[in-house]
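So the structure is just underneath, and the comments pick up after that.
None of these values were measured; they are calculated from a predicted model.
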Amino acid sequence: MKLDNSNGQPPLAPHLPPPPQDADTDADTEEIFVPPLNFAMVDNGIFRSGFPDSANFGFLKSLRLRSVICLCPEPYPETTLEFLKDNGIRLYQFGIDGCKEPFVNIPNNTIREALKVALDVKNHPLLIHCKRGKHRTGCLVGCIRRLQRWCLSSVFDEYQRFAGAKARVSDQRFIELFDISYLKHHQLPFSCTRK
């Protein structure tokens, strides 16, 4: 395709072949950044995702994380623990069972403790994750959104975008009824609360 330049000047970026690779440059040395499943930014210094694996290490390293909140009860994989240790990233593990049964309560105290870690700016940048980054992560992020004074319809909309067809009414009810009043004395580090 030829672009017609009405001022008669040559095109700014003519079609050129790709530059030759140096003998020292190897395509295998280029690092590919692959985010974990369901990755997103929650707020400045807070991210969310599904369980990261070795394919995500380059991407996670680029975030310069200080902390990871894992909401799964299973033991953390050894390779991921080594990655965290090698990069000075602290792991906070709050084991919440991933339960599909209705009327099974999400532990309030566990979410409360995870929120304390997430609110502490000394832990930022921080990644919150569970297995798929949907339900347990969605509950914790939903509580963060309530602290940010989001309206419930927006909180539920975000939850449903990540949970998709597997959205759970019980998770949304938990988010709605979770008591955030005990955190009012905490300084909120969120971008939307700064003046």
Side-chain angles (χ1 to χ4, degrees), residues 35-52 56 59-60 62-74 76 80 84 89-100 104-164 166-195:
L37 177 70
N38 270 332
F39 178 83
M41 183 179 202
V42 175
D43 202 90
N44 292 333
I46 302 176
F47 304 95
R48 66 175 291 164
S49 76
F51 211 106
N56 311 127
F59 179 80
L60 294 178
S62 74
L63 298 176
R64 299 181 179 176
L65 296 173
R66 283 190 192 161
S67 307
V68 168
I69 293 177
C70 175
L71 300 172
C72 300
E74 298 83 17
Y76 223 66
T80 310
L84 297 181
I89 302 170
R90 185 166 181 191
L91 174 65
Y92 295 91
Q93 191 161 9
F94 299 96
I96 300 173
D97 289 322
C99 190
K100 298 176 185 174
V104 174
N105 292 331
I106 297 166
N108 280 303
N109 289 338
T110 306
I111 293 292
R112 197 170 285 121
E113 292 304 311
L115 277 170
K116 288 179 186 176
V117 172
L119 293 176
D120 188 346
V121 293
K122 291 180 280 185
N123 295 320
H124 295 183
L126 166 101
L127 174 69
I128 301 166
H129 78 82
C130 58
K131 187 169 183 173
R132 300 271 180 233
K134 295 179 179 184
H135 303 109
R136 291 167 281 190
T137 298
C139 286
L140 184 58
V141 171
C143 292
I144 289 172
R145 297 307 190 198
R146 293 220 19 243
L147 287 167
Q148 292 178 308
R149 297 184 185 107
W150 280 29
C151 68
L152 279 176
S153 61
S154 295
V155 174
F156 295 158
D157 180 60
E158 181 182 46
Y159 170 86
Q160 290 167 357
R161 270 186 282 130
F162 285 93
K166 297 192 177 202
R168 297 178 186 153
V169 173
S170 59
D171 288 348
Q172 293 173 71
R173 180 165 292 155
F174 173 84
I175 294 166
E176 180 180 5
L177 298 176
F178 185 79
D179 182 14
I180 60 169
S181 64
Y182 84 97
L183 290 167
K184 292 192 177 184
H185 65 278
H186 282 70
Q187 184 178 358
L188 301 178
F190 305 122
S191 60
C192 67
T193 59
R194 294 188 186 124
K195 294 183 180 182

### Test item: Arg90 side-chain N/O and Asn123 main-chain N/O as donor-acceptor pair under 3.5 Å
no
### Query
Under the salt bridge (Lys or Arg N to Asp or Glu O under 4.0 Å) test, which residues partner Arg145, sequence neighbours left out?
Glu158
### Query
If only atom types and distance count, is the side chain of Arg168 paired as donor or acceptor with the main-chain N or O of His135 below 3.5 Å?
no
### Task
Tell me, please, which residues at least two apart from Tyr159 pass side-chain hydrogen bond (donor to acceptor under 3.5 Å, both in side chains).
Asp171
### Message
Glu74: which residues meet the side chain to side chain contact (heavy atoms under 4.5 Å, CB included) condition with it, sequence neighbours left out?
### Response
Cys72
### Arg173 bridged to Glu176 by N-O distance under 4.0 Å
no
### Task
Describe, in one word, how the ring planes of Phe174 and Phe178 are oriented to each other, choosing from parallel (under 30°), tilted (30 to 60°) and perpendicular (over 60°).
tilted
### Task
Please say whether more than 12 non-hydrogen atoms of neighbouring residues, nucleotides or ligands are located less than 6.0 Å from CZ in Arg161.
yes
### Message
Taking Asp120 first and then Lys116, would you say they form a salt bridge - that is, a charged N and a carboxylate O separated by under 4.0 Å?
### Response
no
### Task
Could you tell me whether a side-chain N or O of Asn56 sits under 3.5 Å from a main-chain N or O of Pro35, the two making a donor and an acceptor?
yes
### Query
For Ala118 and Leu126, which heavy atoms make the closest approach, and how far apart are they?
CA-CD2, 3.7 Å
### Summary
On a heavy-atom basis, the closest approach of Cys143 and Leu115 is CB-CD1, 3.9 Å
### Query
What heavy-atom pair brings Leu37 and Arg132 nearest, and what distance separates the two atoms?
CD2-CD, 3.8 Å
### Ring geometry between His129 and Tyr76 (parallel below 30°, tilted from 30 to 60°, perpendicular above 60°)
tilted
